[in-house]
Amino acid sequence: MAAMGRAPSVILGLCSYTHDSSAALLVDGEMIGFVEEERLSQQKHTKDYPRHAVEWLLDEAGLTAADVDAVAYNFQPAHYLAESPAALRLALSPTTRNRALPRARGFARVALRTQLRIRSLGRRFPSACVSPVLHHRAHQLTAFAASGWNESAVLVVDSLGERQTTTIAHGHDALHPSTHTLQAIKDPASLGYVYGAVTEHLGWRRGDEEGTVMALAALGDPQRFRHLFARAVRTTPTGFVVDPAYFPPRVLTSGYPRTSRHFIAETCPERHPSEPLQAVHRDLAAALQERTEQVMLHLARRARMITGSRRLCVGGGVATNCVSIGRIIEDGVFDEVFVPPAPGDAGTAIGAAIAVHTSSRSQRPVSGVARACYLGPSYQDQALDLTPWQGLQQKKLGVETAEFLADQLAHGMIVGLFQGRVEAGPRALGHRSILASPLEPGVVERLNATVKFREPFRPFAPMVLAERAAEFFTLGQEAPYMSMASGVTDKASERVPAIVHANGTSRLQTVTRSQNPFMHDVLSAFARRTGVPVLINTSLNVKGKPICGTPEMALDCLANSGLDALLLEGRWITK
């Protein structure tokens with residue numbers, strides 16, 4: 001245990017054993033780093049203990065497991081237990097009666113399992129006190145601390161954290177971040193649950209491919225199922241409720257479907273992933289997305305009303321729904337909206353660590369979190385052996401690397417970029433990216449078919465010089481982490497239609513010199529050659545694989561995809 005009376009100085013934040021395992025390390029309040037385990041283990045959405053992530057963090061800080069004073073875990077087991085008696089009330093309704101007992105048992109089992117996980121973490125860190133942190137509090141602190149603001153409303157919307165699915169809080173103090181929850185909505189009213197259920201119904205992986213459904217939505221007509229979703233997810237003065245006749249209450253055990261026979265009868269049978277997409281699937285996705293946007297906007301307005309704040313931070317898995325975030329910004333109820341680079345569960349490792357730090361006696365401010373996204377390992381000084389990848393050739397580039405890359409992109413090459421520290425969160429932000437010119441004919445088709453190996457309707461996001469963003473995009477605020485969909489100007493529609501999705505939006509990343517000097521130079525050089533300060537930016541991976549966190553993963557990506565070249569820490573590697 002940490003010494004009595006002494007504030008813990010080494011705090012390890014963990015997301016582990018559920019999905020999207022990750023680790024973050026605070027030393028005396030300073031963020032040493034954060035990384036998702038999948039970036040190092042190559043197992044997408046892994047729920048394993050984040051061994052590689054923890055090893056890297058401790059090595060980076062020159063510490064051992066025995067030096068860790070506190071382990072902050074992103075769930076509190078006791079709060080699961082409280083759901084068991086509440087679940088039995090479902091027996092009072094014929095619609096939910098068959099779920100009452102299994103739900104009560106499921107939440108009790110997860111409470112016990114979470115307690116055992118906390119004990120196992122304690123055994124790994126002999127000097128540490130393991131502190132479970134309420135899941136939504138971890139989300140809130142991740143979002144608020146990353147904003148760097150001194151005060152804001154904080155809206156967290158996800159599938160489930162213990163019993164909570166939606167919280168509205170007020171955040172205070174940039175140096176010692178704290179959040180005060182003003183309103184909470186509990187399961188089974190869950191927007192994340194509904195979106196995941198329909199994602200699965202449409203033949204994609206829940207918890208992984210919701211973004212594909214969001215992209216598909218732009219191709220459908222919401223009119224066909226608009227009334228169904230208005231009934232299934234009904235707004236109330238303080239939030240929303242989910243109709244169990246369409247989406248039966250969750251049971252934390254496999255084998256219980258998330259959609260009802262009633263839902264299937266009114267929509268369509270479940271689609272197998274190999275079946276062709278039909279109009280009914282597109283329309284179902286469109287209605288789901290439309291309702292999600294409406295409910296998110298309703299919650300944002302509620303947050304504005306009960307906090308009185310002019311700024312909003314959004315966290316939780318549903319915060320990755322960039323079209324909903326764009327709608328909130330467009331609505332104008334807030335002066336500025338912020339989404340952290342890692343709004344999903346992986347990012348709660350950061351928030352959990354901050355929660356333990358700020359609740360201790362430490363007077364040290366939190367640093368290294370505000371507006372930081374490049375938080376993972378770097379391989380800048382590592383020697384590179386290409387022997388395992390036969391046929392790959394490399395040459396070292398000099399000081400004009402940005403000019404060289406811009407020139408290759410202007411001539412139509414599709415290039416992987418691997419430089420500096422790994423990004424936090426689900427979006428590549430110019431350190432583990434695939435870049436391409438949006439002016440190249442057929443570039444979207446080529447990227448989807450031969451580089452990313454994914455559905456042809458999936459759009460590609462643009463990165464743009466922040467100082468010229470208004471020429472092409474109507475968002476009206478910076479979007480540093482590619483988490484907001486923006487309307488586009490006529491100039492964008494005419495000059496760079498490749499980055500405009502079917503719904504007339506783009507999920508943009510604005511780039512400032514201070515945020516990413518190299519990408520700012522590349523975009524400037526590309527603009528000098530083409531007149532357009534915009535590039536296509538997608539993550540350095542192929543469908544089903546995590547973003548490449550290591551040089552070996554990046555070289556595999558080059559060797560096994562349609563990439564033309566890879567710029568890896570100043571080395572130009574070609575096939």
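When reading the values below, keep in mind they use all heavy atoms of this one structure, side chains included, and skip hydrogens, waters and symmetry mates. For clarity, every value in this text was computed on a predicted model and none was experimentally measured.
Residues L141 and P177 come closest through the heavy atom pair CD2-O, 3.5 Å. When all heavy atoms of A197 and R206 are compared, the pair lying nearest together is N-CD, 4.3 Å. Pairing each heavy atom of L435 with each of M463, the nearest pair is CD2-SD, 3.7 Å. In plain terms, the two heavy atoms of N516 and L429 that are nearest each other are ND2-O, 3.5 Å. Nearest heavy atom pair, residue G29 against residue L26, reads O-CD2, 3.7 Å. Closest approach of A424 and L375 over heavy atoms only: CB-CD1, 4.4 Å.
Between R454 and N448, the side chains place a donor N or O and an acceptor N or O closer than 3.5 Å (distance only, hydrogens not considered). Side-chain contact of T212 with R205: a donor-acceptor pair under 3.5 Å is absent, judged by distance alone. For the residue pair E293 / Q289, a side-chain donor-acceptor distance below 3.5 Å is found, with atom types taken as modelled. A donor-acceptor contact closer than 3.5 angstrom links the side chains of H139 and D345. Defined by atom type and a distance below 3.5 Å, a donor-acceptor pair is present between the side-chain atoms of S378 and Q380. With 3.5 Å as the limit, one finds a donor-acceptor pair spanning the side chains of N537 and S433. There is no side-chain donor-acceptor pair under 3.5 Å between D335 and Q477. No side-chain N or O of D187 forms a donor-acceptor pair with one of T165 less than 3.5 Å apart. No donor-acceptor contact under 3.5 angstrom links the side chains of E36 and S22, judged on distance only. Between the side chains of N150 and H172, no donor-acceptor pair of N or O atoms lies under 3.5 Å. At a cut-off of 3.5 Å, with distance as the only test, no side-chain donor of W389 or E552 sits close to an acceptor on the other residue. Residues N541 and K44 bring no donor and acceptor atom of their side chains to less than 3.5 Å of each other. Side chains of H79 and Q76: a donor on one and an acceptor on the other come within 3.5 Å. E151 and H170 form a side-chain donor-acceptor contact under 3.5 Å, judged by distance and modelled atom types alone. One side chain, Q140 or T167, offers a donor N or O that lies under 3.5 Å from an acceptor on the other.
The line from CD1 of I168 to NE2 of H180 is 12.5 Å long, rounded to the nearest 0.5 Å. Note that the CZ atom of R513 and the CE atom of M519 stand 12.0 Å from one another [nearest 0.5 Å]. With values rounded to the nearest 0.5 angstrom, M482 atom CE is found 10.0 Å from T510 atom OG1. Distance check: E83 CD to Q164 CD gives 11.5 Å after rounding to the nearest 0.5 Å. From L567, atom CG reaches atom CD1 of I573 across 8.5 Å, with rounding to the nearest 0.5 Å. Between the CD1 atom in I328 and the CZ atom in F334 there is a gap of 8.0 Å [rounded to 0.5 Å].
Note on ring orientation: taking the six-membered ring where Trp is involved, the planes of Y374 and H431 are parallel (angle under 30°, cut-offs 30° and 60°). Taking the six-membered ring where tryptophan is involved, the planes of H135 and F75 are essentially parallel, since the angle between them stays under 30° and well short of 60°.
The closest donor-acceptor contact from the side chain of E37 to the backbone of H52 lies under 3.5 Å. With N560 contributing its side chain and C557 its backbone, the two residues share no donor-acceptor pair below 3.5 Å. Distance alone, capped at 3.5 Å, is enough to place a donor-acceptor pair between the S486 side chain and the L475 backbone. N74 places no side-chain N or O within donor-acceptor distance of the main-chain N or O of A352, the cut-off being under 3.5 Å. Proximity of a side-chain donor or acceptor of T307 to a complementary backbone N or O of A153 within less than 3.5 Å is not detected. Put simply, the side chain of R421 gets close to the backbone of G376: a donor and an acceptor are under 3.5 Å apart. A donor-acceptor pair is defined here as one N or O able to donate and one able to accept, closer than 3.5 Å; such a pair exists between the side chain of E423 and the backbone of R432. Of the possible polar contacts, one joining the S21 side chain to the D48 backbone as a donor-acceptor pair under 3.5 Å is found. Here the side chain of T142 pairs a donor or acceptor atom with the backbone of G347 at under 3.5 angstrom. The backbone N or O of E55 sits nowhere less than 3.5 Å from a side-chain atom of D59 that would complete a donor-acceptor pair.
Remark: R427 fails to qualify as a cation-pi partner of Y481 under the 6.0 Å distance and 45° angle criteria applied to the six-membered ring. Judged by a 6.0 Å distance limit and a 45° cone about the ring axis, R117 is not positioned over the six-membered ring of Y73.
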Practice item. Begin from the C-alpha positions of I11 and L25 and carry the test side chain to side chain contact (heavy atoms under 4.5 Å, CB included) through to its verdict. Key: CA-CA 6 Å; I11 303 172; L25 187 66; over 6 Å; no
**Study point:** Derivation and outcome, side chain to side chain contact (heavy atoms under 4.5 Å, CB included), residues R123 and R119
**Key:** CA-CA 7 Å; R123 289 193 289 274; R119 280 187 203 154; 4.1 Å; yes
Practice item. Determine, stepwise, if the pair K452 / S539 fulfils side-chain hydrogen bond (donor to acceptor under 3.5 Å, both in side chains). Key: CA-CA 9 Å; K452 300 285 282 188; S539 53; 3.1 Å; yes
Practice item. Mind running side-chain hydrogen bond (donor to acceptor under 3.5 Å, both in side chains) on D521 and S524 for me, showing each step along the way? Key: CA-CA 5 Å; D521 286 348; S524 301; 5.4 Å; no
Exercise for review: Begin from the C-alpha positions of F418 and L555 and carry the test side chain to side chain contact (heavy atoms under 4.5 Å, CB included) through to its verdict.
Suggested key: CA-CA 10 Å; F418 185 108; L555 290 164; over 6 Å; no
Exercise for review: Report the C-alpha separation of V71 and L14 in whole Å, then their side-chain angles, then the decisive distance to 0.1 Å, and conclude whether the side chain to side chain contact (heavy atoms under 4.5 Å, CB included) test is met.
Suggested key: CA-CA 7 Å; V71 174; L14 292 179; 3.7 Å; yes
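In this structure the side chain of E30 never reaches within 4.5 angstrom of the side chain of R364, judged on heavy atoms. Contact check for T358 versus S178: no side-chain heavy atoms found under the 4.5 Å cut-off. Using a 4.5 Å cut-off on side-chain heavy atoms (C-beta onward), I350 and M31 make contact. Side chains of S147 and C313 form a contact here, defined as non-hydrogen atoms less than 4.5 Å apart. The side-chain heavy atoms of V337 and I325, taken from C-beta on, include a pair separated by under 4.5 Å. Two residues are said to be in side-chain contact when any heavy atoms from C-beta on lie closer than 4.5 Å; P462 and F473 meet this criterion. The side-chain heavy atoms of P50 and C15, taken from C-beta on, include no pair separated by under 4.5 Å. In this structure the side chain of Y195 reaches within 4.5 angstrom of the side chain of T292, judged on heavy atoms.
Tested against H136, the residues T181, D158, T166 include a single side chain to side chain donor-acceptor pair (under 3.5 Å) partner, D158.
K543 has a carboxylate O that lies under 4.0 Å from a charged side-chain N of E455, or vice versa, which qualifies the two as a salt bridge.
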